[in-house]
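One-based numbering, in listed order, for ligands and for the atoms of each. Note that these values count all heavy atoms, side chains included, but never hydrogens, waters or copies made by symmetry.
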Amino acid sequence: MLENMTRMLTEAKENKYAVAQFNINNLEWTRFILEECEACKSPVILGVSEGAAKYMGGYKTVVNMVKNLMEYLSISIPVAIHLDHASSYESCVSAIDAGFTSVMIDASHENLNTNIEISKKVVDYAHARGVSVEGEIGHIGGQEDGVVGGILYAEVEDCITYTRETGLDFLAPALGSVHGPYHGDPVLAFDRMEEIKEKTNLPLVLHGGSGIYDEQIRRAISCGICKLNINTELQQAWTEGVRHKLDTDKEVYDPRKVIKAGEANIKEAVRKKIELLGSMERAK
Ligand code: 13P
């Protein structure tokens, strides 16, 4: 069932597990992810960056594609279509009007007051339409759609003010994770994570989920993380399968066979993450 993220993340928070956001890049990925999550009976969040939405033909195309796939594949698990790192209020409005069930406003590069102002506007528009909202504070580093940025750790007091003033549903505090591959070991501020959980009482989101060690992910869940975002790991898994196919089968030219060569790898990566996060058999 297509829904916003509120019910799935509230249940995750109460029962101390996390739901995966897998970012989608095309129709085939969406199908592979939906099929595997259905097989695992796990709720899932389909993350769509602005760049990926543009690539796939815009927000309406994405929504219709997901809806039609869900119907065609008889998907019964809870599914959210979530705009990842929206750069503006206008972008959130377009996605919501197109049928996205959840949005993330990322005004984390602005000062706190401006971040609050923009995020609050998004919350007002979204909540009036039954859409859930995630917001970022501090700045999550790494690579986002080709833009490289550094980490700026979230301050506890800012998190309290930001969530209180905006009324948003989920908080993504920057606590050391980065988008894209890590250079060196990930260093996460677990104590601060726990303090933010205690003081905001909201489900927390960890971005840059690829490359974080399993032990760190388990600890993050115990410190309040209810949603883990994963993109790079699936990209790497899919590309490995396709590269192997092209290297070993010089005769292949049917694009369906080429793209499908990444299916098993994506599904395996999805299942492993679901097992790690504890969302297996949680679909209601
Ligand atoms: P990774 O690409 O590092 O998995 O990060 C994904 C993400 O956080 C999307 O918002």
Just the distances, no angles: every ligand 1 N or O to protein N or O pair closer than 3.5 Å, one line each.
| residue | atom | partner | partner atom | Å |
| --- | --- | --- | --- | --- |
| ligand 1 | 2 (O) | T232 | N | 2.9 |
| ligand 1 | 2 (O) | T232 | OG1 | 2.5 |
| ligand 1 | 3 (O) | G180 | N | 2.9 |
| ligand 1 | 4 (O) | S210 | N | 3.3 |
| ligand 1 | 4 (O) | S210 | OG | 2.5 |
| ligand 1 | 4 (O) | N231 | N | 2.8 |
| ligand 1 | 4 (O) | T232 | N | 3.3 |
| ligand 1 | 5 (O) | G208 | N | 3.4 |
| ligand 1 | 8 (O) | H179 | NE2 | 3.2 |
| ligand 1 | 8 (O) | H207 | ND1 | 3.4 |
| ligand 1 | 8 (O) | G208 | N | 2.7 |
| ligand 1 | 10 (O) | D84 | OD1 | 3.1 |
| ligand 1 | 10 (O) | D84 | OD2 | 2.7 |
| ligand 1 | 10 (O) | H85 | NE2 | 3.4 |
| ligand 1 | 10 (O) | H207 | ND1 | 3.0 |
| ligand 1 | 10 (O) | N229 | ND2 | 3.2 |

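- Contact record, Y59 with S91: OH-OG, 2.8 Å, taken as the closest heavy-atom pair.
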Please report, to 0.1 Å, the donor-acceptor pairs under 3.5 Å made by any side chain of residues 235-244, with sequence neighbours excluded.
| residue | atom | partner | partner atom | Å |
| --- | --- | --- | --- | --- |
| W238 | NE1 | I259 | O | 3.2 |
| T239 | OG1 | Q235 | O | 2.7 |

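- Look at E165 and K120 and you find no salt bridge, because none of the NZ, NE, NH1 or NH2 atoms lies under 4.0 Å from a carboxylate O.
- Between E215 and R219 there is no salt bridge, since no side-chain nitrogen of the basic residue lies less than 4.0 Å from a carboxylate oxygen of the acidic one.
- A donor-acceptor pair under 3.5 Å is absent between the side-chain atoms of R31 and the main chain of L69, judged by distance alone.
- Of the listed residues (M5, E11, R7), just one forms a side chain to side chain contact (heavy atoms under 4.5 Å, CB included) with L9, and that residue is M5.
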